[in-house]
Amino acid sequence: MSRMVWFNRDVVNVLDFNREDIEVLFSKADEMRRQLKENNVKKTLSNKVIGLAFFEPSTRTRMSFETAAKRLGAETVGFTGEEGTSVAKGETFADTIKMIDSYVDAIVLRHKYEGAALFASNIAEKPVINGGDGRSHHPTQAFLDLYTTKTLFNDIDGLTFALIGDLKYSRTVSSLIFALTFFKPKEVILISPQQLKLREEIRLFALEHGLKLREEEKIEAISDADVIYVTRIQKERFPDLQEYEKVKGSYKISKKLLETYAKKTAKVLHPLPRVDELLPDVDNTSYQAYFLQASLGVPLRMALLSLVLGGE
Ligand code: NCD
């Protein structure tokens with residue numbers, strides 16, 4: 001019954017779903033992982049075409065969606081960046097979406113403007129999956145972050161999360177906080193410079209929905225965390241680059257820092273790409289879980305495409 005919740009749905013905002021829906025997605029992702037491992041993926045989407053409309057740069061989100069689609073037997077069409085499309089000739093966003101909608105069975109969209117995915121979902125008849133809109137939402141990343149957490153710790157409830165870095169402009173942070181309101185984490189520690197604190201409307205929403213939040217500036221606050229979620233300072237979203245200059249390089253998570261302050265069992269997640277906030281010397285430690293996180297993007301997005309397009 002609950003599988004039907006995903007069928008033909010837009011995936012724009014985590015809050016359009018609930019805990020049960022997310023658990024359905026996770027068990028489907030487990031099934032996809034098994035099929036991948038056994039090299040026995042059922043080509044259930046072999047008659048489908050997925051449109052990948054990436055108006056903003058992307059490596060993981062686009063390529064994991066594309067891989068997911070192809071593993072399930074679907075075809076993909078699309079672009080990354082506006083050059084080479086008619087947007088460069090002045091075509092409106094609405095017209096571009098209408099065209100893609102008439103060609104494909106589902107649209108994965110990334111755009112620099114907040115609300116772009118919602119707008120597109122109102123125009124398109126086919127399902128629109130938000131691959132990130134401005135600083136607002138990145139629902140499939142949040143599902144992936146929690147799926148990785150569940151894979152590592154077997155549970156999400158009862159864990160302490162530390163979210164570090166650009167809590168103001170990072171869309172992965174807002175979507176993750178929204179998703180966490182469906183669960184019962186012990187505490188969510190928000191570590192950022194003053195200028196990059198979580199936006200007030202999201203903070204209030206989280207509090208109203210039962211999340212226990214603690215705001216900190218010092219990186220030592222990671223000491224209670226099970227999940228240490230590091231983010232890149234989102235340079236491209238600062239209205240004033242001088243403001244970026246003041247906060248760039250605020251935190252640098254290194255092997256030494258983790259060995260000094262973190263729990264031995266803690267795991268570091270990062271949506272990637274990293275710049276200088278997460279040093280490569282963490283890569284070969286037991287804390288590192290961001291490469292697993294990136295790789296789980298394929299089964300998680302296979303599950304999502306399969307549920308949305310009715311692949312069973
Ligand atoms: C993130 C994004 O695009 O918001 N990347 C991703 O999808 N994995 C994070 C970022 O760009 O910092």
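Just so you know, ligand 1 is whichever comes first in the structure, and atom 1 is the first atom listed for that ligand.
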Minimum-distance protein heavy atom relative to atom 10 (C) of ligand 1
R232 NH2, 3.4 Å

For a side chain to side chain contact (heavy atoms under 4.5 Å, CB included) with I228, tell me which candidate from T160, I219, I222 qualifies.
I222

Using a strict cut-off of 4.0 Å, indicate which atoms of ligand 1 neighbour a heavy atom of T61.
6 (C), 7 (O)

So the atoms of ligand 1 within less than 4.0 Å of a heavy atom of Q141 turn out to be 6 (C), 7 (O), 8 (N)

Set of ring-ring contact (aromatic ring centres under 6.0 Å, His included) partners for F17, sequence neighbours left out
W6

Any idea how F238 and Y169 line up, ring-wise: parallel (<30°), tilted (30 to 60°), or perpendicular (>60°)?
tilted

Main chain of Q35, side chain of N40: is a donor-acceptor contact present, judged purely on distance under 3.5 Å?
no

Are Q234 and ligand 1 in contact, using a heavy-atom cut-off of under 4.0 Å?
yes

Is it the side chain, the backbone, both or neither of H138 that has a heavy atom closer than 4.0 Å to ligand 1?
side chain

Heavy-atom pairs closer than 4.0 Å: do any link ligand 1 to the side chain of L272, the backbone, both, or neither?
backbone

Is any side-chain heavy atom of T148 closer than 4.5 Å to a side-chain heavy atom of L269?
yes

Please confirm whether P273 comes under 4.0 Å of ligand 1, counting heavy atoms of the residue only.
yes

Which protein heavy atom lies closest to atom 4 (O) of ligand 1, and at what distance to 0.1 Å?
R171 NE, 2.8 Å

Please step through side-chain hydrogen bond (donor to acceptor under 3.5 Å, both in side chains) for the pair S64 and R301, ending with a clear verdict.
CA-CA 7 Å; S64 60; R301 290 179 171 116; 2.8 Å; yes

